[in-house]
Amino acid sequence: MRLITTALVAALAAPAAFAAPAYWTDWTSEMSSASGVTGSITTGTDTVGVTFTGLYSFAQLSGGTFYWTNPATYTSATVDNAPATVDLIGLNRGGAKTITFSQSVHNPLIALTSWNGNVVDFGAPITVLSEGCGYWGCGTALVNAGGTGFTGSGEMHGVIELLGDFTSITFTDTSEHWHGFTVGIQGIADPGTGVPEPASLALIGGALAALAVVRRKR
């Protein structure tokens with residue numbers, strides 16, 4: 001029994017090393033005067049409203065070019081699926097933009113295409129989960145000294161993660177011919193439900209697997 005308990009504790013204490021599904025925004029409508037775009041994210045159990053406001057060039061809601069080519073650029077040890085539809089917001093003018101969620105979300109994701117030479121800051125810690133070649137070529141993200149933004153070196157394509165719980169994200173970017181993005185989540189921030197976040201579920205699965213190994217050895 002002591003071996004089983006030790007295995008369970010070790011498995012729960014170990015860091016997660018697995019990819020989980022990302023749920024990407026279904027952008028559905030543009031606001032009047034092209035002042036923003038609205039949509040929603042549907043997970044297995046929740047629907048989260050998403051609103052983008054700020055200057056933008058165009059929005060692909062249900063048709064257009066599929067820019068999320070080369071899925072390996074948009075997947076990682078954290079995210080196991082790239083955006084699968086044409087949905088995308090194209091930006092070409094700098095300034096402040098805001099993404100608002102109808103409820104708090106945990107560690108939101110932003111998939112990027114063609115952020116060539118663009119300087120962006122999210123005002124919150126970010127992690128570059130993946131980067132590589134995409135529709136317009138190849139590039140990387142040079143994260144700034146504060147860890148809150150990046151400069152696109154070459155045609156940067158990839159996925160970044162904002163660390164924390166958010167009901168809104170305001171970021172600034174610089175003018176460029178055009179650069180596109182969409183938004184995703186892997187879970188909502190609702191500790192009151194008692195439902196484990198995806199990472200917690202995987203840890204529990206790892207603990208059960210460890211128990212099975214111990215039982216088999218015994």
Side-chain angles (χ1 to χ4, degrees), residues 16 19-62 67-68 74-76 78-91 95-113 115 120-130 141 147-150 158-173 179-202:
Y23 303 96
W24 299 104
T25 302
D26 175 17
W27 297 107
T28 54
S29 62
E30 295 185 73
M31 298 178 185
S32 61
S33 302
S35 60
V37 188
T38 61
S40 63
I41 300 173
T42 301
T43 70
T45 56
D46 298 281
T47 298
V48 179
V50 187
T51 301
F52 166 81
T53 54
L55 296 175
Y56 69 102
S57 177
F58 65 93
Q60 288 192 167
L61 309 180
S62 60
Y67 289 107
W68 308 112
Y74 300 99
T75 55
S76 62
T78 300
V79 176
D80 71 3
N81 59 299
T85 68
V86 301
D87 291 56
L88 171 144
I89 296 175
L91 310 174
K97 284 91 174 172
T98 299
I99 301 163
T100 304
F101 302 99
S102 63
Q103 58 182 305
S104 184
V105 299
H106 184 66
N107 289 2
L109 310 168
I110 300 181
L112 307 163
T113 182
W115 289 61
V120 57
D121 196 291
F122 294 90
I126 68 167
T127 296
V128 179
L129 297 181
S130 60
T148 60
F150 66 89
V159 174
I160 65 168
E161 178 182 46
L162 277 75
L163 305 179
D165 296 337
F166 296 85
T167 54
S168 69
I169 300 164
T170 296
F171 67 94
T172 57
D173 64 338
H179 46 291
F181 79 96
T182 193
V183 181
I185 63 173
Q186 291 182 300
I188 62 170
D190 190 4
T193 64
V195 178
E197 293 289 339
S200 300
L201 290 172

* Do F52 and T25 touch side chain to side chain, with heavy atoms closer than 4.5 Å? -> no

* Asked: Would you call the rings of Y74 and W68 parallel, tilted or perpendicular, where under 30° means parallel and over 60° means perpendicular?
  -> perpendicular

* **Short side-chain to backbone donor-acceptor contact, Q186 and A20, under 3.5 Å** => yes

* Would you check if there is a donor-acceptor pair between the side chains of T85 and W24 at a distance under 3.5 Å? => no

* **Pair L88-W27, side-chain contact (heavy atoms from CB on, under 4.5 Å): steps then yes or no** => CA-CA 7 Å; L88 171 144; W27 297 107; over 6 Å; no

* List the steps and the verdict of side-chain contact (heavy atoms from CB on, under 4.5 Å) for Y23 and V48. => CA-CA 10 Å; Y23 303 96; V48 179; over 6 Å; no

* Distance-only polar pair, side chains of D121 and T148, donor-acceptor under 3.5 Å -> yes

* To do: Give, for atom CG of D87 and atom OG1 of T28, the distance between the pair rounded to the nearest 0.5 Å.
  => 8.5 Å

* Structure fact -> For T98, the side-chain contact (heavy atoms from CB on, under 4.5 Å) test, sequence neighbours excluded, returns T53, T100, S168, T170

* Calculate, to the nearest 0.5 Å, the distance between atoms CG and OG1 belonging to L109 and T78 respectively. => 8.5 Å

* Let me see the working for I160 and L112 under side-chain contact (heavy atoms from CB on, under 4.5 Å), right down to the final yes or no. => CA-CA 8 Å; I160 65 168; L112 307 163; 4.1 Å; yes

* Under a 4.5 Å cut-off applied to non-hydrogen side-chain atoms, are V120 and H179 in contact? -> no

* At what distance, to the nearest 0.5 angstrom, does OG1 of T127 lie from CG of N107? -> 8.0 Å

* Asked: What are the two closest heavy atoms between D165 and S104, and how far apart are they?
  -> CB-OG, 3.6 Å

* Parallel under 30°, tilted from 30 to 60°, perpendicular over 60°: which one fits the rings of F171 and F181? -> perpendicular

* To do: Output the distance between atom CG (L61) and atom OG1 (T38), rounded to the nearest 0.5 Å.
  => 8.5 Å

* Asked: When rounded to the nearest 0.5 angstrom, what is the spacing between CD1 in I169 and CG in L162?
  -> 5.0 Å

